[in-house]
Protein chains: 2
Amino acid sequence: MPTRTGRPPRISRAEIVAAANKVIEEDGVAGLTMRRLAREVGSTAMALYHHVRDKEELLLLLLDDYAAGLARPELPSEPYERMVAAALAMREAVAGCPWAVDVLRADDLLSVGALWYPEQIVDAAIRAGLGEEDAVDAYRIIWHYTAGEIAARAAARGRRAEGGPTYRDRVFPELDAAEFPRLSGVGPRWEELTARDTYAKGVRALVRGLLPPESPPNKP
Amino acid sequence: MPTRTGRPPRISRAEIVAAANKVIEEDGVAGLTMRRLAREVGSTAMALYHHVRDKEELLLLLLDDYAAGLARPELPSEPYERMVAAALAMREAVAGCPWAVDVLRADDLLSVGALWYPEQIVDAAIRAGLGEEDAVDAYRIIWHYTAGEIAARAAARGRRAEGGPTYRDRVFPELDAAEFPRLSGVGPRWEELTARDTYAKGVRALVRGLLPPESPPNKP
DNA sequence: ACCTGAACACCGTTCAAGT
DNA sequence: ACCTGAACACCGTTCAAGT
């Protein structure tokens with residue numbers, strides 16, 4: 001065991017992560033800058049670079065930290081319901097950290113700690129009778145849907161927080177009824193209809209469409 | 001008609017939009033800065049502010065410009081196939097401008113010019129027998145799925161362009177087979193499986209799950 | 001009316017220097 | 001080994017001044 005030498009550290013990765021979470025809670029992810037974080041930690045921006053390689057590593061660290069605290073609820077064993085429940089749990093997990101969707105790249109879901117969700121979804125798909133390939137497809141399709149829904153919700157929330165009229169508000173009233181009969185028909189109800197949470201409905205449709213037609217609500 | 005006075009303009013909004021498209025084509029949306037755009041236009045960054053209010057307006061202008069050139073393909077009249085075809089067309093449209101997904105906020109799809117897609121999807125849903133409310137839900141669900149898929153594809157492409165190992169590459173090899181039996185089972189095939197384009201598969205599943213069970217492939 | 005240069009208030013990150 | 005200040009190369013945007 002080599003003797004550690006030199007100055008003892010004044011800040012730790014754990015402290016940095018905790019401070020970063022505080023900043024995000026207060027000002028959102030956009031408010032998380034190295035300088036702001038340093039202020040929170042009581043240090044300088046440059047000191048942070050001694051503990052994390054760059055900002056991207058910091059964000060991955062935050063994701064790991066978040067993923068470690070995720071719930072792993074008991075899932076029903078019936079494949080259809082199992083898949084729906086796993087998707088709902090995944091959505092809830094990601095919704096608790098919506099900026100993750102922007103940071104995440106490719107088909108990745110958070111960090112190792114969060115792989116529990118794809119594992120359960122693929123598992124449910126295989127139990128339902130899908131081959132490995134179809135099961136992975138099913139997971140990815142559900143993930144894309146989930147990511148899209150969360151991004152849209154986060155954006156809608158941001159828009160509302162900013163106040164001001166929606167793009168839609170400006171556009172819908174002057175819709176040409178001849179060109180867009182259906183949308184004009186919906187008209188002012190659009191706002192109300194699009195405010196509803198349709199995630200579960202979509203997941204059920206997806207699962208119904210992806211799994212073989214045996215299992216749905218009625219048990220085999 | 002009041003007499004216009006003062007200096008004649010040297011740059012127009014149309015020129016700015018054209019130059020911005022060129023910049024995006026060359027350096028991506030991240031490369032589009034006011035200064036870079038000014039250089040392209042042969043002017044200064046500040047001159048741009050005389051023609052567009054701010055960068056956000058510029059991006060909306062770009063979106064309008066893009067939407068104006070979108071195809072409106074002939075769609076099958078059978079509702080199920082109509083919905084699938086409209087979704088595929090919408091996906092193709094947005095894929096041609098993937099940064100739109102990040103810029104777009106809430107449930108909005110591009111600009112007025114792009115409302116053709118939701119119109120067709122809602123139309124197909126209603127023709128299939130859904131009520132207005134369910135038809136709007138169906139559209140939103142398909143949109144969320146589409147947006148998520150495009151964002152994932154864009155991210156994957158970016159990741160690949162950067163070179164370097166995927167997060168997944170680093171994580172999958174050391175997966176605990178006891179904790180994640182299904183994912184470990186997939187193992188090295190993951191890369192290959194996730195590279196496939198599963199959009200159409202997902203849309204078909206979604207439409208199958210969302211529409212009443214009469215219409216599928218077999219005509220009524 | 002249209003355009004300019006300088007400036008403001010930010011970014012992430014590097015680097016040489018301090019303890 | 002750990003931390004610092006100054007600096008680099010950027011951002012979007014404002015503002016007073018020029019033509």
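First the proteins, then the strands, lettered A, B, ... as listed; each starts at 1.
Contacts with DNA chain C (heavy atom under 4.0 Å) in residues 15-35 of chain B: B/Arg35, listed by number. Listed by residue number, the members of residues 44-51 of chain B with any heavy atom below 4.0 angstrom from DNA chain C are B/Thr44, B/Met46, B/Ala47, B/His50, B/His51.
The phosphate of C/dT4 has OP1 or OP2 within less than 4.0 Å of a side-chain N or O from B/Arg10.
Annotation: D/dA17 and C/dA1 have their C1' atoms spaced 15 Å apart (nearest Å).
Computed from coordinates, the A/Arg53 CZ to C/dG12 C1' distance equals 14 Å when rounded to whole Å. Protein atom CZ of B/Arg36 is 12 Å distant from nucleotide atom P of D/dG12, rounded to whole Å. The distance between atom CZ of A/Arg39 and atom P of D/dC3, rounded to the nearest whole Å, is 19 Å. In this structure, the CG atom of A/Asp54 is 13 Å from the C1' atom of C/dT14, given to the nearest Å. One can place CD1 of A/Ile11 at 16 Å from P of D/dA1, the figure rounded to the nearest angstrom.
Residue B/Asn21 forms a side-chain contact (heavy atoms from CB on, under 4.5 Å) with just one option from B/Leu62, B/Leu32, B/Ile16, and that option is B/Leu62.
Although no hydrogens or angles enter the test, the distance criterion places no donor-acceptor pair under 3.5 Å between the side chain of B/Glu92 and the main chain of B/Leu88. For A/Tyr66 (side chain) and A/Ala93 (main-chain N/O), a donor-acceptor pair under 3.5 Å exists by modelled atom type. A/Arg140 places a side-chain N or O within donor-acceptor distance of the main-chain N or O of B/Thr194, the cut-off being under 3.5 Å. A donor-acceptor pair is defined here as one N or O able to donate and one able to accept, closer than 3.5 Å; such a pair exists between the side chain of B/Thr33 and the backbone of B/Arg36.
Contact between B/Asp176 and B/Ser184 at its shortest, heavy atoms only, is O-OG, 3.8 Å. For A/Asp123 against B/Arg182, the heavy-atom pair with the smallest separation is OD1-NE, 2.8 Å. Counting all heavy atoms, side chain and backbone alike, B/Phe180 lies closest to A/Val112 at CZ-O, 3.9 Å.
Between A/Arg72 and B/Glu179 there is a salt bridge, since a side-chain N of the basic residue sits under 4.0 Å from a carboxylate O of the acidic one.
A distance below 6.0 Å separates the ring centres of A/Tyr145 and A/Tyr199.
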**Q.** side chain to side chain contact (heavy atoms under 4.5 Å, CB included) between B/Arg13 and B/Glu57, worked out
**A.** CA-CA 11 Å; B/Arg13 278 165 86 109; B/Glu57 194 189 70; 3.9 Å; yes
Q: Give the dot-bracket string for DNA chain C, reading 5' to 3', where a pair is Watson-Crick or G-U wobble with both distances under 3.5 Å, ( ) marks pairs inside the strand, [ ] marks pairs crossing earlier ones, | marks a partner on another strand, and . marks unpaired.
A: ||.|||||...|||||.||
